[in-house]
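Report on one structure; see the data block that follows.
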Amino acid sequence: MLQDQAPNSTDHKPSVCVLGAGIVGVSCALELLRQGYRVTLLDRSEEVIETSYGNAGVLATSSVLPMNNARLWKTLLPMLAGKSPSLHYQTGYLLRNCSWMIRFMTHANEASDSYRITALNALVRKSIQLHQQWLTQADSQQRLRPTGWLKLYRTPESFNAAGYERRMLQKAGVDMQVLSTEELQQLEPGLQQTYHRATWIKDAASVDNPAQVTLAYRKLFIAAGGQFRVADISNVSKTSQGFELSTADSQFNFEKLVIALGPWSNDLLSKLNCKLPMAYERGYRQHFSSTTEQPLSRPVHDVDGSYVLTPMEQGYRITSGVELKERDAPPSPNQLEAVIPSARQAFPLGQPLDKPWLGRRPTLPDALPAIGEVKQCPGLWLATGHHHIGFSTGPATGQLIAQLMSEQDTDIAPQAFSPNRFF
């Protein structure tokens, strides 16, 4: 049973609760603890079972170009017409969220792209540095592959259509190399599909098990004196001393609260009248065996096939595109099933090793996360809304939260991520 965490006058810094033990929440807890706060990390499960469990494990410098970029206008109608397996949607969900979609699309222009790329580029690059440091501290550096990742194009048309993306990434300083069919075959001889071109993102990295990486960081947090508790928080309220959190049978208090609950953040933010304009990108993944003697050395994104294939500790992980539905709608893995044949064309996959898994990702209208204190609710801090790149941005998010809370100079300019842009 959880005990109250009352302020201790002998401590110089207040008690902090971080809600959510995915990669973002664990990163916040670890960095706040290192700043001297008394930190308790809460999650409803002891295991890593949500978004940080099933992602592609890529630390991607190329993901700094948001999905709602200027080129989206050219591809939107074909996607809405169902001509691309990269997007599935429920019509009713889009209609119920049409105002959100309008806000999302207003950012699809080059000026907005440049602003957001600059902000996300700093967040991703700092996160990659911190991942490298923390994996070494956790004695898990063997999980990191500094081999980059590949974007694969089956036709000249799809390669040419990605020209805007390459131009914007080059302006951001992303280290990339365009490969011919022959150069790609030399780099990844296990690929069986013939591709017209590939882009090798060289300054990206990947891990072989993102859930275990997240757990390794949690162990660092606990070893340094942090508290981790399993608790399903059902209510939160503001008090004169901070915040009161409730489970079915317990109430306890903290002076400051960090909500890092990803797509579940609004469940509690609504109780504080601080609900974010959040939509949900759902996605599926499944693991497969392979008997190949030429394994993949890095993740690959087959752009025309609309899947990512990543060598993982559990097998070869296929992740599908975006599904726009209600967060808790029943799983419908037909989108994943549709891309598996394309993946089998590209690489000799064996039998499935598990069942399809569904993950949910939180997206805000500008595709930037909300990181910082909410002015209308002092003491409430947000670290949520990381779109589909939470694993690539989690560590720097934690560092930024800790530096802002400690009123220190920040390594990253925080203005673009301020949650107050929505309040």
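Values below: every heavy atom of this structure, side chains too, minus hydrogens, waters and symmetry copies. The model shown is predicted, which means the values in this text are computed figures rather than measured ones.
With a 6.0 Å cutoff to the six-membered ring centre and a 45° limit on the axis angle, Arg285 does not count as a cation-pi contact of Tyr307. Geometric assessment of Lys325 against the ring of Tyr93 yields a negative cation-pi assignment under the 6.0 Å and 45° thresholds. Relative to the ring axis of Phe228, Arg218 places its NZ or CZ within 45° and under 6.0 Å from the centre.
In summary, the side chains of Ser45 and Asp43 do not present any donor paired with an acceptor at a separation below 3.5 Å, with no hydrogens or angles considered. Between the side chains of Arg145 and Ser206, at least one donor-acceptor pair of N or O atoms lies under 3.5 Å. Using modelled atom types and a 3.5 Å distance limit, the side chains of His287 and Arg317 yield a donor-acceptor pair. Donor-acceptor pairing under 3.5 Å is recorded for the side chains of Tyr284 and Glu323. In the model, Asp302 has no side-chain atom that pairs as donor or acceptor with a side-chain atom of Tyr153 under 3.5 Å. Side chains of Thr247 and Asp232: a donor-acceptor N/O pair is absent below 3.5 angstrom, by distance only. No side-chain donor-acceptor contact under 3.5 Å links Gln241 and Asn253. Between the side chains of Arg143 and Gln141, not a single donor N or O lies within less than 3.5 Å of an accepting N or O. The closest side-chain donor-acceptor pair between Thr397 and His386 falls under 3.5 angstrom.
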*asked:* As a quick check of understanding, evaluate side chain to side chain contact (heavy atoms under 4.5 Å, CB included) for Val39 and Leu30, giving each step before the final call.
replied: CA-CA 8 Å; Val39 185; Leu30 182 59; over 6 Å; no
*asked:* Working note: Trp264 + Thr384, criterion side chain to side chain donor-acceptor pair (under 3.5 Å); need CA distance, chi angles, decisive distance, verdict.
replied: CA-CA 9 Å; Trp264 295 274; Thr384 188; over 6 Å; no
_Step-by-step side chain to side chain contact (heavy atoms under 4.5 Å, CB included) determination, Thr199 to Arg166_ = CA-CA 9 Å; Thr199 302; Arg166 289 191 296 275; 3.9 Å; yes
*Using the ring-ring contact (aromatic ring centres under 6.0 Å, His included) rule, take Phe391 and His131 through it: C-alpha gap first, then chi angles, then the decisive distance, then the call.*
CA-CA 10 Å; Phe391 200 74; His131 270 299; 5.0 Å; yes
_The test is side chain to side chain contact (heavy atoms under 4.5 Å, CB included); show your working for Arg96 and Gln90 and say whether it passes._
CA-CA 10 Å; Arg96 288 189 296 274; Gln90 186 179 57; 3.7 Å; yes
*asked:* With side chain to side chain contact (heavy atoms under 4.5 Å, CB included) as the criterion, how do Val18 and Thr40 come out once you've worked through the C-alpha distance, each side chain's angles and the decisive distance to 0.1 Å?
replied: CA-CA 6 Å; Val18 178; Thr40 299; over 6 Å; no
*Passes side chain to side chain donor-acceptor pair (under 3.5 Å), Asp409 versus Gln403? Steps please.*
CA-CA 7 Å; Asp409 292 337; Gln403 290 174 338; over 6 Å; no
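For the pair Pro362/Arg327, no side-chain contact is recorded, criterion being any heavy-atom separation below 4.5 Å from C-beta on. Residues Arg282 and Leu324 are not in side-chain contact: their nearest non-hydrogen atoms beyond the backbone lie 4.5 Å or more apart. Side-chain atoms of Gln177 and Lys202, non-hydrogen and from C-beta on, do get closer than 4.5 Å to each other. The shortest distance between side-chain heavy atoms of Met405 and Tyr37 falls below 4.5 Å. Looking at Leu220 and Gln137, their side chains come closer than 4.5 Å, going by heavy atoms from C-beta outward. Looking at heavy atoms from C-beta onward, Leu179 lies in side-chain contact with Leu150 at the 4.5 angstrom threshold. Side-chain contact between Gln335 and Leu87: absent, with no pair of heavy atoms (C-beta onward) separated by less than 4.5 Å. Considering only heavy atoms from C-beta on, Ser140 stays 4.5 Å or farther from Val207 through its side chain.
Asn209 contributes a side-chain N or O that, together with a main-chain N or O of Gln212, makes up a donor-acceptor pair within less than 3.5 Å. Although no hydrogens or angles enter the test, the distance criterion places no donor-acceptor pair under 3.5 Å between the side chain of Arg360 and the main chain of Tyr280. Between the Lys271 side chain and the Ser237 main chain, no donor and acceptor come within less than 3.5 Å of each other. For Ser332 (side chain) and Asn334 (main-chain N/O), no donor-acceptor pair under 3.5 Å exists by modelled atom type. Checking side-chain atoms of Ser15 against main-chain N and O of Glu255 turns up a donor-acceptor pair under 3.5 Å. Listed for the Asn68 side chain is a donor-acceptor partner under 3.5 Å among the backbone atoms of Pro365. The backbone N or O of His107 lies less than 3.5 Å from a partner atom in the side chain of Ser112, making a donor-acceptor pair. Of the possible donor and acceptor atoms, one in the side chain of Ser127 sits under 3.5 Å from a partner among the backbone N and O of Ala396. A donor-acceptor contact shorter than 3.5 Å is absent between the side chain of Glu244 and the backbone of Lys238. A donor-acceptor contact shorter than 3.5 Å links the side chain of Ser392 to the backbone of Val58.
Here the OG1 atom belonging to Thr393 is positioned 14.5 Å from the NZ atom belonging to Lys126, to the nearest 0.5 angstrom. Here Leu94 contributes atom CG and Trp100 contributes atom CH2; the two are 9.5 Å apart, rounded to the nearest 0.5 Å. Rounding to the nearest 0.5 Å places CG of Leu169 at 6.0 Å from CD1 of Ile201. Annotation: the span from Ser297 atom OG to Leu187 atom CG amounts to 7.0 Å, rounded to 0.5 Å. Here CG of Asp304 is found 3.5 Å from OG of Ser158. Values are rounded to the nearest 0.5 Å. For the atom pair OH (Tyr316) and OG1 (Thr310), the distance works out to 10.5 Å, reported to the nearest 0.5 Å.
Other residues, nucleotides and ligands contribute more than 12 heavy atoms inside 6.0 Å of the CD atom of Gln129. Counting non-hydrogen atoms of other residues, nucleotides and ligands closer than 6.0 Å to CD of Gln351 gives a total of 12 or fewer. In Gln408, the CD atom is crowded: over 12 heavy atoms of neighbouring residues, nucleotides or ligands sit closer than 6.0 Å.
Partner Glu110 forms a salt bridge (Lys or Arg N to Asp or Glu O under 4.0 Å) with one of Arg116, Arg71, Arg167 and no other, that one being Arg167. When Tyr115, Phe104, Phe422, Phe417 are each tested for a side chain to side chain contact (heavy atoms under 4.5 Å, CB included) with Asp366, only one passes: Phe422.
Look at Arg44 and Glu50 and you find a salt bridge, because one of the NZ, NE, NH1 or NH2 atoms lies within 4.0 Å of a carboxylate O, short of that distance. Between Asp203 and Arg125 a salt bridge is recorded (basic side-chain N to carboxylate O distance below 4.0 Å).
Sequence neighbours left out, not one pair with a member in residues 367-388 passes salt bridge (Lys or Arg N to Asp or Glu O under 4.0 Å).
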